[in-house]
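Report on the structure given below.
These values consider heavy atoms only, across backbone and side chains, with no hydrogens, waters or symmetry-generated copies. By convention in this document, chain letters (A, B, ...) are assigned in the order of the sequence lines, proteins followed by strands, and residues within each chain are numbered from 1.
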Amino acid sequence: MSFWSHFSYAITIFLMVAGLYIVIARGNLIKKLVGLGVFQTSVYMLYIAPGKLIGGTAPIIDANFKVYSNPLPHVLILTAIVVGVATLALGLALVVRIREAYDTIEEDDILASDEGEPGGDGQRR
Amino acid sequence: MSFSQHFPALQVVIPLVAAPLAVLVRRGALAFLVVTGAAWAAFAIALALWLVARDGATVSYAIGSWPPPWGIEYRVDRLSSFVLLIVAGMAAITLPYSRASIEREIPQELHNLFYAMFALCLTGLLGITITGDAFNIFVFLEISSLSTYVLIALGRDRRALVASYQYLVMGTIGATFIVIGIGLLYLMTGTLNLADMGRRLGEVRETRPVLAALAFLTVGISLKLRCSRCTCGCPTPTPMPHPP
């Protein structure tokens with residue numbers, strides 16, 4: 001139970017909390033997406049790090065090797081990365097459309113410019 | 001017989017294939033026909049599966065012929081067949097009536113994209129219900145979520161964009177919490193198959209990672225549920241605001 005055996009978890013938790021903090025604390029829509037990306041990256045670490053065994057080899061059965069690393073987390077995270085890229089692409093596309101409609105990407109300005117409009121029937125694009 | 005044994009896979013694959021087809025045909029009316037046909041086909045398959053599973057029989061389908069604890073399993077039991085029937089039935093019944101309101105709400109050149117997104121959303125919801133694999137649930141959850149964000153942003157009110165953005169941020173945080181929970185459960189049990197995981201969880205039930213995993217899952221699923229009523233000062237996300 002040395003420090004290094006928990007090192008990957010420390011990194012994971014740091015990235016997770018830092019990402020969440022950026023999403024919550026920043027008003028800029030692009031910076032929020034950056035925070036979201038950092039937050040998702042922490043999960044990649046959480047999955048992949050425990051799959052690696054020190055001294056383990058690639059999972060090809062051979063008489064010379066007894067310890068194998070687990071390949072499944074890599075495959076899972078490959079899928080999660082694809083999902084993350086799709087989410088980021090959609091988020092950026094939405095920010096472009098918001099910029100066209102509001103002329104700003106600051107959350108406070110967007111909320112302020114919607115303030116005066118009565119509910120349900122805002123300005124038409 | 002050989003055809004009907006592939007029903008669990010076709011249940012998800014038919015709406016999934018309808019989505020790119022709807023994009024490719026480019027004509028709104030044609031895309032409408034493709035997606036409506038796919039929704040009714042999915043409904044018919046759900047009905048067939050429900051008739052099989054109604055008496056308590058469980059239909060297990062090994063994707064790619066990899067046997068269940070190792071490969072991804074699609075599992076239809078009494079409950080999931082009923083939920084499949086509800087989801088596919090709602091899509092099949094509402095789609096024919098969507099035509100008129102879509103004509104009013106959405107510019108002509110975007111009609112086929114609306115139907116593609118609808119088909120993808122249906123794929124995700126059916127997939128969440130039918131799959132027996134924990135990670136597969138996350139993938140289908142994101143398929144249905146991402147298409148829902150697009151459907152919300154299609155509203156003509158410009159605030160639909162902000163609502164969709166906030167929905168995306170909260171939904172992604174929720175989905176990531178769910179993945180963390182699934183990851184911790186996988187670390188403790190060594191399996192992603194839900195039935196297998198249920199058996200093995202008994203040995204490690206009171207350990208701290210499992211409790212943390214359940215906490216993450218609870219928060220994640222709650223965030224996903226909460227998304228449907230956005231509380232951040234923005235309008236409630238509605239895919240189709242009423243015309244003036």
For A:Y68, does the OH atom sit with more than 12 other heavy atoms under 6.0 Å from it, leaving out its own atoms? yes
Assess whether atom CZ of B:R99 is packed by more than 12 heavy atoms of other residues, nucleotides or ligands within 6.0 Å. yes
Name all pairs fulfilling the side-chain hydrogen bond (donor to acceptor under 3.5 Å, both in side chains) condition that reach into residues 75-95 of chain A, sequence neighbours left out, sorted by first residue then second. none
Side chain from CB out, backbone as N, CA, C, O: work out which of these in [X] comes under 4.5 Å of a heavy atom of chain B, or both, or neither.
X      : result
A:I110 : side chain
A:L29  : both
A:F39  : both
A:I98  : both

To check you understand the geometry: which heavy-atom pair defines the closest contact between [X] and [Y], and what is its length?
X      : Y      : answer
A:P50  : B:L187 : CB-CD2, 3.6 Å
B:L161 : A:R97  : CD1-O, 3.6 Å
A:A80  : B:F135 : CB-CZ, 4.2 Å
B:Y186 : A:L72  : OH-CD2, 3.3 Å
A:Q40  : B:T176 : CG-OG1, 3.7 Å

Most contacts with chain A, counted as non-hydrogen pairs under 4.5 angstrom, among B:V150, B:L192, B:T172, B:I182: B:T172
Quick one: do B:F138 and A:V83 satisfy side chain to side chain contact (heavy atoms under 4.5 Å, CB included)? Show the steps, please. CA-CA 10 Å; B:F138 160 71; A:V83 170; 4.0 Å; yes
Taking the side chain as C-beta and beyond, is there a heavy-atom pair between [X] and [Y] under 4.5 Å?
X      : Y      : value
B:V162 : A:E107 : no
A:Y102 : B:R159 : yes
B:L168 : A:L33  : yes

From A:S113 atom OG to B:R158 atom CZ, the distance as rounded to the nearest 0.5 Å: 4.5 Å
Spatial distance of atom CG (A:L90) from atom CG (B:L146) [nearest 0.5 Å]: 6.0 Å
Sub-3.5 Å donor-acceptor pair from the side chain of B:Y165 to the main-chain atoms of A:L92, do we have one? no
Between A:L20 and B:F177, is the side chain to side chain contact (heavy atoms under 4.5 Å, CB included) condition met? List the steps. CA-CA 11 Å; A:L20 260 185; B:F177 270 67; 4.1 Å; yes
